[in-house]
Amino acid sequence: MEHITLLIGLVIATALVFDFTNGFHDTANAMATTISTGALGPRIAVGMSAVLNLVGAFLSVEVAKTISGGIVDESAGIRPAMIFAALVGAIVWNLVTWLAGLPSSSSHALFGGLIGATLVSVGAHGVNGDAVVTKVIIPAVAAPIVAGLASMLATRLTYRLGRNADPAATSRGYRAGQIASAGLVSLAHGTNDAQKTMGVITLALIAGGVIAPGSNPPLWVICSAGTAIALGTYIGGWRIIRTVGRGITDIQPQQGFAAQTGAAATILASSHLGFALSTTQVCSGSVLGAGLGRTGAVVRWGTAGRMVAAWALTLPAAGLVAGGAAYLADRGTWGVTTVGVIGLAVCVAVRAASRRKPVTRANVNDPVDVVTVQVTPSVEAADEVAPAIAPVTPPPAAAAPSAPTRTPTTA
Amino acid sequence: MTIDWHALGTVLAVTLLSTVGLVGVFTLGIVGMSRPGGGGAGVLGRTAAYVCFAACAAAVAYGIDLIAG
């Protein structure tokens, strides 16, 4: 470990920050419906999810070994500065979508960041276009459809079978079912997403010559990545939990159970068969499906549409930010420092902006209608923020707080 | 570039079957448990319910095994 340079240290720290944002961005996946139906109290729900994420991180290191999944040609010359730029792009996009309360895929943000940084630093030959389509884009389209269809049919079935049963007597059963299936999703999330960060750190260590190529992640990497994602999960991304749990449709215990089971089944089936689906898209899709499966349920297509738009934007937006960051970071130490300072400024700015309309575990189950109105401009602002940061001329400290109000101080 | 339709179709089929099957079996269990009374029907309902829940627990255990593997 004595060979770890300042830059590698910076990459590791940034990877852990990304892992942390990944954690709170994705708490909603497992726990949104559990919280909105009242199966678990908000604090217990995020605590349980955090523990299971941590456990999941230790279960297997298979995903970590194939982090870029052939999307980026590792032999084309990966440098630590590039990985740093990719991570900054992913973090920025994760924070912006979190501010807007949109459940976008953290994995796509990471892939987008890697692709963007590689395109700028290495060139088009460093990116494997085929792999991008077959491993990222097709699963992204398939995931919500498969999960949504499964939970829609399951919701229909469970309402039909239970139509004569006493709701008071069955509610305890549905509650237990929801908790179990949410736990399974949390565990699967830990094994998948915590490992992506482990993979990135391992990649940086290899790129920096600290460990030999092809090594497994060292134990301290597994521990720190697992802890970072668990901490992030425990903080709870209440904004996104509210969108998924209340914004898309009103979830009843039966639907929550069907949605979570569908999500768990989709994630397990696909990862077992070699498809890496986005946990976020699977879970949001299955909630939508559960909404469609109950007669009389209202599905808010406006929220669903914004969510899908965020999915489509994730890859290019994170790529654009990472590309800009990579351009700067390639200039040398001052460039890396600038990217670091700007990234930090964005974090502070988004945090400040989130304080204006805080969503906490106290108000996470309130109706979303009020929020929906306020969310819309931030989604568009997300578009502005990304390109604004890419050339890095305007101070982003001013860019992000302007998101809700769009004051013209940015440029 | 080849799109692996077979794998995609398998994921769809496996997901649909396992989700609908699991939710169905679990719901039957819940309905069985909620049968009122302590007579023969009640006992039969509870026994059937325990069988259903055991099947679901086995499925969850298999799921954890898949995650760990």
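Atoms considered below: every heavy atom in the structure, side chains included; atoms not considered: hydrogens, waters and symmetry mates.
Within the 4.5 angstrom heavy-atom criterion, atoms from both the backbone and the side chain of A:Ala188 approach chain B. Residue A:Phe58: no heavy atom, backbone or side chain, is found under 4.5 Å from chain B. With a 4.5 angstrom heavy-atom cutoff, A:Ile138 touches chain B only via side-chain atoms.
Side chains of A:Thr37 and A:Gln252: no donor on one and acceptor on the other come within 3.5 Å.
No other option in B:Val60, B:Leu66, B:Thr10, B:Val31 has as many heavy-atom pairs under 4.5 Å with chain A as B:Leu66. Ranked by heavy-atom pairs shorter than 4.5 Å toward chain A, the options B:Leu17, B:Leu12, B:Val14 are led by B:Leu12. Interface remark: of the candidates A:Thr158, A:Leu157, A:Ile267, A:Thr158 forms the most heavy-atom pairs closer than 4.5 Å to chain B.
Contacts of A:Leu292 classified as side chain to side chain contact (heavy atoms under 4.5 Å, CB included), with partners at least two apart in sequence or in another chain: A:Met152, A:Val299, A:Trp301. Judged as a ring-ring contact (aromatic ring centres under 6.0 Å, His included), and not counting sequence neighbours, the contacts of B:Phe53 are B:Phe26.
The shortest side-chain heavy-atom distance between A:Tyr159 and A:Arg294 falls under the 4.5 Å cut-off.
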Side chain to side chain contact (heavy atoms under 4.5 Å, CB included) between A:Thr197 and A:Ile229, worked out: CA-CA 9 Å; A:Thr197 307; A:Ile229 204 164; 5.9 Å; no

